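Please read the structure below before turning to the comments.
Residue numbers begin at 1 in each chain, while the letters A, B, ... track the order of the sequences. A quick note: this is a predicted structure, and the numbers were derived from the prediction, not measured.
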Amino acid sequence: MICENFIEEIIEKELSEGKVSAVQTRFPPEPNGYLHIGHAKSLCLNFGVAKKFGGKCNLFFDDTNPSKEKTEYVDAIKEDIKWLGFEWAEIHYASDYFDVIYSLAEKLILDGKAFVCDLSGDEIRALRGTLTEPGKESPYRNRTVEENLKLFREMRDGKYADGEKVLRAKIDMKSPNINMRDPVIYRVLHAEHHRTGNKWCIYPMYDFAHPICDSMQKVTHSLCTLEFEDHRPLYNWTVENTGVEHKPRQIEFARLNVTNLVMSKRYLKKLVEESSVDGWSDPRMPTLTGLRNRGVPSDALKKFCDEIGVAKSNSEIEISYLEHFIRDNLNQNAERAMAVVEPLKVVIDNFDASEEVEVEINPNKPELGKRNVLFTKEIYIEQSDFSLNPPPKYFRLKPDGVVRLKGAYIVKYENAVLNDDGSVKEVHVSIVENSKSGNDTSGVKCKGTIHWVSAESFVPCEIRKYDYLLKDAEYQGQDFSERINENSRTIYQGVCEKYIDSVETGSCFQMLRTGYYKKMVDGEKIILSEIVSLKDSFKK
RNA sequence: UGGGGUGUCGCCAAGCGGUAAGGCACUGGAUUUUGAUUCCAGCAUUCGUAGGUUCGAAUCCUGCUACCCCAGCCA
């Protein structure tokens with residue numbers, strides 16, 4: 001078997017040595033927000049590894065902190081995972097294991113490996129030491145087993161207020177690894193849990209709950225991000241000292257960073273709460289639901305995740321790499337339609353009838369056939385597709401020039417009508433005889449082809465161009481909402497061919513030469529949100 | 001000044017002692033009913049750095065250096 005990354009190599013080796021038999025992984029989000037593109041990497045890794053070795057991957061909600069978690073988030077997370085096309089083997093919640101976790105905590109107490117500590121948060125911090133100085137033992141460290149058990153049960157029974165007491169693992173206050181300095185493993189928290197309600201008023205900490213839950217699910221490989229490397233000794237300590245039967249192995253990898261994309265959940269949440277964006281699904285958001293709304297195909301995202309690799313070095317991927325996969329996918333699959341963002345009226349002087357011309361739905365999929373587009377005397381083209389004073393090598397419409405109207409005829413420039421301010425009001429052209437698309441016997445050479453929309457049958461629409469959220473704004477402490485409104489969304493009034501009425505919602509189509517857009521129906525309006533610009537060929 | 005990690009092209013990333021894959025980006029050139037797509041070509045004498053071992057090192061050893069993470073009763 002060919003391993004794609006170091007994690008697969010580790011697993012392959014364990015498999016061949018007989019250390020594990022069946023591979024079991026889990027995708028472990030905390031339901032405290034929506035999934036973003038960073039989670040996609042973890043999703044692809046966990047599901048990918050399981051699939052590769054014929055194992056299973058569970059969906060596991062790490063809901064040990066009721067003050068931050070909501071059912072809304074667990075539902076949204078499930079939806080996003082389905083959108084990506086992954087199917088979890090089983091679904092579990094840390095809260096399903098609260099009883100087990102609690103009893104293992106009691107076992108630790110019974111074994112003299114945990115104690116109830118009365119120190120306040122500040123006091124614990126003070127005694128923890130620093131990065132360079134060892135910590136000091138809590139004065140409550142040597143309570144008897146009986147006393148600890150009694151106090152812990154009282155904690156569970158609600159005798160104490162938040163912060164009054166905690167349960168700590170008895171490990172080593174002098175450890176150079178701060179996580180091992182008698183870490184808190186249970187805290188009092190009188191908060192309603194979105195699943196267990198008010199059954200509990202004490203909740204286990206991540207470091208204690210996670211390894212136990214992994215073990216209960218028979219997870220063999222617990223994949224997490226680099227910042228948990230320091231926690232691995234504690235993870236292993238918990239596995240060993242609680243005596244759980246299955247002993248999972250934690251392996252860390254570098255989290256995904258993408259240039260210019262804001263990825264911090266706390267910041268995204270802030271944007272939503274401030275209404276700086278239209279919720280978690282706003283197309284400018286780097287959330288999975290935002291990307292979906294933007295029109296990003298899930299396959300493109302998965303391909304991206306597969307190709308960026310899995311390693312341990314901190315990396316930041318350029319957004320152009322993501323865009324490459326989106327473009328590649330859309331180019332292959334998107335159904336085309338024509339739309340004009342900044343319309344310029346063109347009148348065809350020698351054409352008074354109207355006719356339907358055929359245009360391919362997708363040049364890469366001829367089997368999809370063609371669509372009919374109404375061609376009329378008056379049409380709209382892109383303002384940028386006409387120039388009165390063209391630069392050298394300008395192949396679009398210009399004085400005394402010819403240009404092909406996509407799917408229709410070659411037209412020849414006649415004259416331009418100007419507004420009072422000198423801007424172009426409309427352009428008059430004439431059809432070159434025998435130049436119809438597919439039957440061109442005119443012999444006229446024409447280097448440029450442009451898109452157009454009939455002035456008779458177009459659908460007026462609001463076209464929104466979305467940029468990504470800008471990361472630098474986060475760091476420069478600017479007024480987020482202002483910046484977003486200024487820079488991240490541009491609304492155009494545009495027109496597009498009537499055909500798009502028949503395009504199903506959610507299908508993507510090409511905004512010719514400008515980019516790829518997704519159609520969204522918003523009441524009577526059709527909104528096109530730009531997904532990602534194609535390479536701008538005119539930039540030079 | 002403690003501990004844990006990581007340093008291979010602008011960005012990712014293979015490489016696991018035998019003489020630097022691949023992708024993105026970029027640059028040429030060819031085809032093209034959208035200057036897109038497609039195609040073909042170019043793009044690290046060098047692997048953070050200084051030494052050492054070896055016939056031979058990005059790969060092994062040693063020192064140095066840079067960057068990231070850890071002092072939540074968050075995950």
- If pairing requires Watson-Crick or G-U wobble contacts with both distances under 3.5 Å, which nucleotide is the partner of G18(B)? C55(B)
- Base paired to G35(B) (Watson-Crick or G-U; both N/O distances under 3.5 angstrom): none
- Message: Need one value for A408(A): base, sugar-phosphate or nothing, where a base atom within 4.0 Å counts as base even if backbone is also close, heavy atoms only.
- Response: nothing
- R396(A) side-chain N/O to G35(B) phosphate OP1/OP2 under 4.0 Å: no
- Message: Do S95(A) and T196(A) pair up side chain to side chain, a donor and an acceptor below 3.5 Å, judged on atom types alone?
- Response: no
- May I ask you to say what L405(A) touches in the nucleic acid, namely base, sugar-phosphate or nothing, with a heavy-atom cut-off under 4.0 Å? nothing
- Item | Side-chain H-bond candidate by donor/acceptor type, D122(A) with S120(A), under 3.5 Å | no
- May I ask you to test the E252(A)-E229(A) pair for a side-chain heavy-atom distance under 4.5 Å? yes
- Assign Y394(A) to base, sugar-phosphate, or nothing according to its heavy-atom contacts below 4.0 angstrom with the strands shown. base
- Item | Watson-Crick or G-U wobble partner of G2(B), both distances under 3.5 Å | C70(B)
- Please determine, for U49(B), whether a Watson-Crick or G-U wobble partner exists with both distances under 3.5 Å, and give it or none. G63(B)
- Query: Paired with A25(B) by Watson-Crick or G-U wobble geometry, both distances under 3.5 Å: which nucleotide is it?
  - Reply: none
- Query: Does the side chain of L167(A) come within less than 4.5 Å of F208(A)'s, by heavy atoms?
  - Reply: no
- Query: Looking at R187(A), does any N or O in its side chain come under 4.0 Å of the phosphate oxygens OP1/OP2 on A75(B)?
  - Reply: yes
- Message: Can you check the distance between A66(B) and U49(B), where both ends of the measurement are the C1' atom (answer in whole Å)?
- Response: 10 Å
- Using purine N1 to pyrimidine N3 plus N6-O4 or O6-N4 for Watson-Crick, or N1-O2 and O6-N3 for G-U wobble, each under 3.5 Å, what pairs with A44(B)? none
- Item | Base versus backbone protein contacts along nucleotides 2-7 of chain B [heavy-atom cut-off under 4.0 Å; B, S, -] | BBSSSS
- Message: Rounded to whole Å, how long is the line connecting atom CG of N364(A) with atom P of C39(B)?
- Response: 11 Å
- Tell me what G448(A) touches on the nucleic acid: a base, only sugar-phosphate, or nothing, going by heavy atoms under 4.0 Å. nothing
- Query: Which part of the nucleic acid, if any, lies within reach of H210(A) when heavy atoms closer than 4.0 Å are counted: base, sugar-phosphate only, or nothing?
  - Reply: nothing
- Select base, sugar-phosphate, or nothing to describe what G407(A) touches, counting heavy atoms under 4.0 Å on all strands. base
- Does T64(A) have a side-chain nitrogen or oxygen under 4.0 Å from the phosphate oxygens OP1 or OP2 of C74(B)? no
- Message: Under a 3.5 Å cutoff, is there a donor and acceptor pairing between the side chains of S387(A) and R396(A)?
- Response: no
- Looking at every strand, decide which applies to S320(A) at a 4.0 Å heavy-atom threshold: base, sugar-phosphate, or nothing. sugar-phosphate
- Task: Check every strand shown and say whether Y203(A) touches a base, only sugar-phosphate, or nothing at a heavy-atom separation below 4.0 Å.
- Result: nothing
- Message: Quick one: does any side-chain atom of E164(A) pair with a main-chain N or O of Y160(A) as donor and acceptor, under 3.5 Å?
- Response: no
- With a non-hydrogen cut-off below 4.0 angstrom, is L234(A) in contact with a base, only sugar-phosphate, or nothing? nothing
- Query: Base, sugar-phosphate, or nothing: which does K165(A) touch, judged by heavy atoms less than 4.0 Å apart?
  - Reply: nothing
- Message: Among R141(A), R168(A), R128(A), exactly one meets side chain to side chain donor-acceptor pair (under 3.5 Å) together with D182(A). Which residue is that?
- Response: R141(A)
- State whether the number of non-hydrogen atoms from other residues, nucleotides or ligands found under 6.0 Å of R255(A) atom CZ is greater than 12. no
- Message: If I pick the P atom on C12(B) and the same atom on C69(B), what distance separates them, to the nearest angstrom?
- Response: 16 Å
